Amino acid sequence: NFVYHELMNVYLEFGFVSDSIQCFRLIRKHGIAMPFRQCARLFDHLLKNRTPEMALGFYLEILDHGYPPNVYDFNIMMHMFCKEGKIKDARLVFEEIRKRGLKPSVVSFNTLINGCCRVGEVEECFRLKEEMDKEKILPDAYTYNALIKGLCKDGRLEDADRLLDEMWERGLVPNNIIYTSLINGHCKHGRVELGLEMYGQMLKKGLRPDLFTYNTLVYGLCKKGDIQQANKLVEEMACR
RNA sequence: UACUCGUGC
């Protein structure tokens, strides 16, 4: 019994992760209970060093073993799948949250919305936003940023602007990140003037544009060939 | 306590 647990730890120490998993299975087969901390340790290891597929596979095994499911764990795996563009898998993990009797959190939604917008599935993003409404989960700045990025990418800049207004209406304060996403959208679609306009709005609202914001605008101006204006902006930046 | 967001290189 203890021998198994020790063996599992030793395998893990030396990076023989799959051996460690085999060990876990062996322990179970013998009907010996594996402490949850031990499960968590191995699972963490898979999250950090292995694929989301592997982590998920193992996670389902330990859930089966009685390990208490938690939303954070699912969120992390969703995020890993999204980073690899495997939205389909991210979705499956998302659905698994409810199957296990938990409720997706605002982070769960944000992660999935962000993943969908990354691959250009804007409609899906908004479907999810409606789902949030139904579940009484309030969209936050992360949610709006993902939606705005999705719309920009899709060339729907006017809709993106409208979402920014919606934020103010709902009492949410758009931050630098949101503004920079929007400014970037305008610049990337050849409308640097609109980007500069948003920049002006930031100042008026009392926000302090940061390096990301300035880089975005300066890059846009340079690409357009307006070196004058770019220089002006750099000076302005230096004064702040 | 731990999970999600923006520019360039």
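Residue numbering restarts at 1 for every chain, and letters A, B, ... go by the order of the sequence lines. Keep in mind that what you see is a predicted model, and the values were worked out from it rather than measured.
- Residues that satisfy the salt bridge (Lys or Arg N to Asp or Glu O under 4.0 Å) test with A:R118, not counting sequence neighbours, are absent from this structure.
- Atom-to-atom, CE of A:M237 to P of B:U7 comes out at 17 Å; the value is rounded to the nearest Å.
- Ion pairing between A:E95 and A:R91 holds under the 4.0 Å rule for side-chain N and carboxylate O.
- Counting non-hydrogen atoms under 4.0 angstrom, A:Y219 reaches the backbone sugars and phosphates but no base.
- A salt bridge links A:R127 with A:E124: the distance from a Lys NZ or Arg NE/NH1/NH2 to an Asp or Glu carboxylate oxygen falls below 4.0 Å.
- Residues A:P52 and A:D89 form no side-chain contact, since every pair of their non-hydrogen atoms from C-beta on lies 4.5 Å or further apart.
- A donor and an acceptor atom sit less than 3.5 Å apart, one in the side chain of A:D210 and one in the base of B:G6.
- Every residue was checked against the salt bridge (Lys or Arg N to Asp or Glu O under 4.0 Å) condition with A:E121, not counting sequence neighbours, and none meets it.
- In this structure, the CG atom of A:N184 is 15 Å from the C1' atom of B:C9, given to the nearest Å.
- Residues satisfying the salt bridge (Lys or Arg N to Asp or Glu O under 4.0 Å) criterion with A:E53, sequence neighbours excluded, are A:K86.
- At whole-Å resolution of the value, CE in A:M80 and C1' in B:C3 are 12 Å apart.
- Counting to the nearest Å, the P atom of B:U4 and the NZ atom of A:K149 are 13 Å from each other.
- Counting side-chain heavy-atom gaps under 4.5 Å among Ile, Leu, Val, Met, Phe, Trp and Tyr, the cluster of A:I87 also holds A:V119.
- Residue ring and base: A:Y72 counts as stacked with B:A2 (centre distance below 5.5 Å, interplanar angle below 30°).
- Among the heavy atoms of the strands lying under 4.0 Å from A:T180 is at least one base atom, whether or not backbone atoms are also near.
- With rounding to whole Å, A:F74 atom CZ is found 17 Å from B:U4 atom C1'.
- Within 4.0 Å of A:N70, counting heavy atoms only, lies at least one base atom of the nucleic acid.
- Regarding A:N215, its CG atom lies at a distance of 11 Å from the P atom of B:U7, rounded to whole Å.
- Among the heavy atoms of the strands, none lies under 4.0 Å from A:K83.
- For the segment residues 102-114 of chain A, the set of residues with a heavy atom within less than 4.0 Å of an atom of RNA chain B comprises A:V107, A:N110, A:T111, A:N114, in numerical order.
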Per-pair distances, 0.1 Å, donor-acceptor, side chain in residues 21-36 of chain A, under 3.5 Å, sequence neighbours excluded:
residue, atom, partner, partner atom, Å
A:R25, NE, A:E61, OE1, 3.1
A:R25, NE, A:E61, OE2, 3.0
A:R25, NH2, A:E61, OE2, 2.5

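- Computed from coordinates, the A:M78 CE to B:U4 C1' distance equals 9 Å when rounded to whole Å.
- Between A:K153 and B:G6 there is no side-chain polar atom (N or O) within less than 4.0 angstrom of OP1 or OP2.
- Minimum atom distance to the side chain of A:K188 is reached by B:G8, of the listed B:G8, B:C3, B:C5.
- Here the C1' atom of nucleotide B:U4 and the NE2 atom of A:H79 are 6 Å apart, to the nearest Å.
- A:T143 comes within 4.0 angstrom of no nucleic acid atom, judged by non-hydrogen atoms across all strands.
- Picking from B:C3, B:U4, B:U7 the nucleotide with the shortest atom distance to the side chain of A:Y142 gives B:U4.
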